[in-house]
Amino acid sequence: MKKKNSGKCMLAAAAMLLMVSPSAAQKYKVAKVERTRILIDQRWDAKPDAEAAQFIAPYKNKVDSIMGPVVGTIAHDMTRHRPESELSNLLCDILVWGGRQFNEQPVFSVYNMGGIRADFAKGDINVGDVSENKICFLTLTGEKVLELFQQIAHRGGEGVSHAVRMVITRDGKLKGVTLNGEPVDPAKSYRIATLDYLAEGNDQLVAFKSGTDVVAPKSKENNVRYIIMDYFREMKAQGKVVESRVEDRCVVE
């Protein structure tokens, strides 16, 4: 009998809690949300934790065996920044280069600065240095391409491939743009390589949502990491050090 009464009391208490909780929750409101970024660098190695190191060791060895192999070499440090950077130029050109394995011939490519996870340091590039995204191909009319470049201008620049030459104002307006030296024809169609994230209209590049004949490969080869590694390996096989420079693809006036 005591057990039954105890069970009834617990059920009654739970019911009261459910009735009270919503009203109690209404007393609290989020006043503000703050965040901060913690830089993980060598300072955290000053006082190593032996027990933690021992725990991590077997996993570290496995990760290093996967991420450690060298895939190529770059000539100098490459960073990402608006309106144009060495690293964004390189990655955009690699997207165009990578189209061939999908039987695609994009006229140009777009890579958002936020999609570039880390800078490259001069010297050897390892598997772990290469970011992961998914490649995507789509077609836009010239009219939508002009809208896309207007949206890129509004953001102060994004990564674009070698074919593009655009001039933007300091307040984010598009002054002019050419593709392979020719004005964009609103009546034409243009094949573009980009990331699947951008193809969905994210990062305010909503013109991409008008894309047609969208090709988003599902095999692991569509991972940009593999495309970049293939590019570096091909350059290495040819005895070339990977190079990239700022070349006025996006100029602010």
Side-chain angles (χ1 to χ4, degrees), residues 82-85 87-116 131 133-169 172-228 230-231 244 246-253:
R82 290 183 169 89
E84 176 188 357
S85 67
L87 185 51
S88 58
N89 284 357
L90 173 64
L91 296 179
C92 285
D93 290 345
I94 290 176
L95 285 187
V96 173
W97 174 89
R100 63 184 188 177
Q101 76 180 84
F102 302 100
N103 297 315
E104 293 281 354
Q105 295 181 317
V107 178
F108 70 98
S109 71
V110 177
Y111 204 123
N112 61 321
M113 295 294 183
I116 304 173
S131 62
N133 288 288
K134 307 293 185 184
I135 198 168
C136 183
F137 305 93
L138 54 83
T139 298
L140 288 180
T141 64
E143 182 180 5
K144 288 297 179 180
V145 166
L146 289 171
E147 283 187 24
L148 175 64
F149 285 125
Q150 288 165 1
Q151 291 158 9
I152 290 173
H154 178 70
R155 292 180 58 77
E158 296 287 5
V160 292
S161 59
H162 179 74
V164 180
R165 294 293 183 274
M166 60 186 300
V167 179
I168 66 177
T169 64
K173 302 286 177 37
L174 179 67
K175 289 188 68 174
V177 61
T178 61
L179 291 173
N180 291 318
E182 298 290 333
V184 176
D185 185 344
K188 281 188 176 181
S189 294
Y190 296 86
R191 196 67 172 159
I192 306 165
T194 189
L195 308 178
D196 60 350
Y197 173 78
L198 296 182
E200 295 171 353
N202 292 309
D203 268 11
Q204 301 176 2
L205 303 184
V206 296
F208 273 130
K209 295 175 73 173
S210 299
T212 58
D213 192 18
V214 178
V215 174
K218 300 302 180 185
S219 61
K220 74 173 185 178
E221 288 77 13
N222 78 329
N223 191 313
V224 175
R225 163 174 281 177
Y226 294 102
I227 298 170
I228 295 171
D230 287 345
Y231 177 83
S244 180
V246 170
E247 52 185 27
D248 295 336
R249 299 182 186 186
C250 185
V251 176
V252 179
E253 290 186 352

Using the side chain to side chain contact (heavy atoms under 4.5 Å, CB included) criterion, which residues pair with Pro83? Sequence neighbours excluded.
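Result, side chain to side chain contact (heavy atoms under 4.5 Å, CB included) vs Pro83: Cys250, Val252.
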
Under 4.5 Å between any side-chain heavy atoms of [X] and [Y], yes or no?
| X | Y | result |
| --- | --- | --- |
| Ser161 | Leu95 | no |
| Val164 | Leu179 | yes |
| Ile227 | Gln101 | yes |
| Phe102 | Val215 | no |
| Ile94 | Leu90 | yes |
| Leu87 | Ser244 | no |
| Lys134 | Asn223 | yes |

Sequence neighbours left out, what passes side-chain hydrogen bond (donor to acceptor under 3.5 Å, both in side chains) with Lys173? Give chain and number order.
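In terms of side-chain hydrogen bond (donor to acceptor under 3.5 Å, both in side chains), with neighbours along the sequence ignored, Lys173 is linked to no residue.
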
Would you find a donor on one side and an acceptor on the other, under 3.5 Å apart, between the side chain of Glu84 and the backbone of Asp248?
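Such a contact is found between Glu84 side chain and Asp248 backbone.
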
Under 3.5 Å donor-acceptor, Ser109 side chain and Cys92 backbone
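Yes.
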
Just verifying a value: how many Å separate [X] [atom1] and [Y] [atom2], rounded to the nearest 0.5 Å?
| X | Y | atom1 | atom2 | answer |
| --- | --- | --- | --- | --- |
| Leu174 | Thr169 | CG | OG1 | 8.5 Å |
| Ile168 | Lys175 | CD1 | NZ | 11.0 Å |
| Leu146 | Gln151 | CG | CD | 11.0 Å |

Go through the side-chain N and O atoms of Tyr111 and Asn133 and say whether any donor and acceptor fall under 3.5 Å apart.
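Side chains of Tyr111 and Asn133: pair found under 3.5 Å.
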
Would you mind telling me which of Val160, Val110, Val177 makes a side-chain contact (heavy atoms from CB on, under 4.5 Å) with Leu148?
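Among Val160, Val110, Val177, the one meeting side-chain contact (heavy atoms from CB on, under 4.5 Å) with Leu148 is Val110.
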
Single hit among Ile192, Leu195, Val214 for side-chain contact (heavy atoms from CB on, under 4.5 Å) with Phe208
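Per the side-chain contact (heavy atoms from CB on, under 4.5 Å) rule, the option paired with Phe208 is Ile192, out of Ile192, Leu195, Val214.
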
Looking at every non-hydrogen atom in both residues, tell me the closest pair between [X] and [Y] and how far apart they are.
| X | Y | answer |
| --- | --- | --- |
| Pro186 | Val184 | CD-O, 3.3 Å |
| Ser189 | Thr139 | CB-CG2, 3.7 Å |
| Ile135 | Val224 | N-CG2, 3.8 Å |
| Arg82 | Gly156 | CB-O, 3.5 Å |
| Pro183 | Tyr190 | O-OH, 4.2 Å |
| Asn112 | Glu158 | CA-OE1, 3.3 Å |

Kindly state each residue pair satisfying salt bridge (Lys or Arg N to Asp or Glu O under 4.0 Å) with at least one member in residues 193-212, sequence neighbours excluded.
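Listed by first then second residue: Arg155-Asp203.
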
Restricting to pairs with a member in residues 97-108, which pass salt bridge (Lys or Arg N to Asp or Glu O under 4.0 Å), not counting sequence neighbours?
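The answer is Arg100-Glu234, Glu104-Arg191.
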
Under the ring pair (Phe, Tyr, Trp, His ring centres under 6.0 Å) definition, can you give me all pairs with a residue in residues 142-163, not counting sequence neighbours?
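Output for this query lists Phe108-Phe149.
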
Can you name the residues that form a salt bridge (charged side-chain N to carboxylate O under 4.0 Å, His left out) with Arg165, not counting sequence neighbours?
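Once residues adjacent in sequence are excluded, the partners of Arg165 under the salt bridge (charged side-chain N to carboxylate O under 4.0 Å, His left out) criterion are Glu247.
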
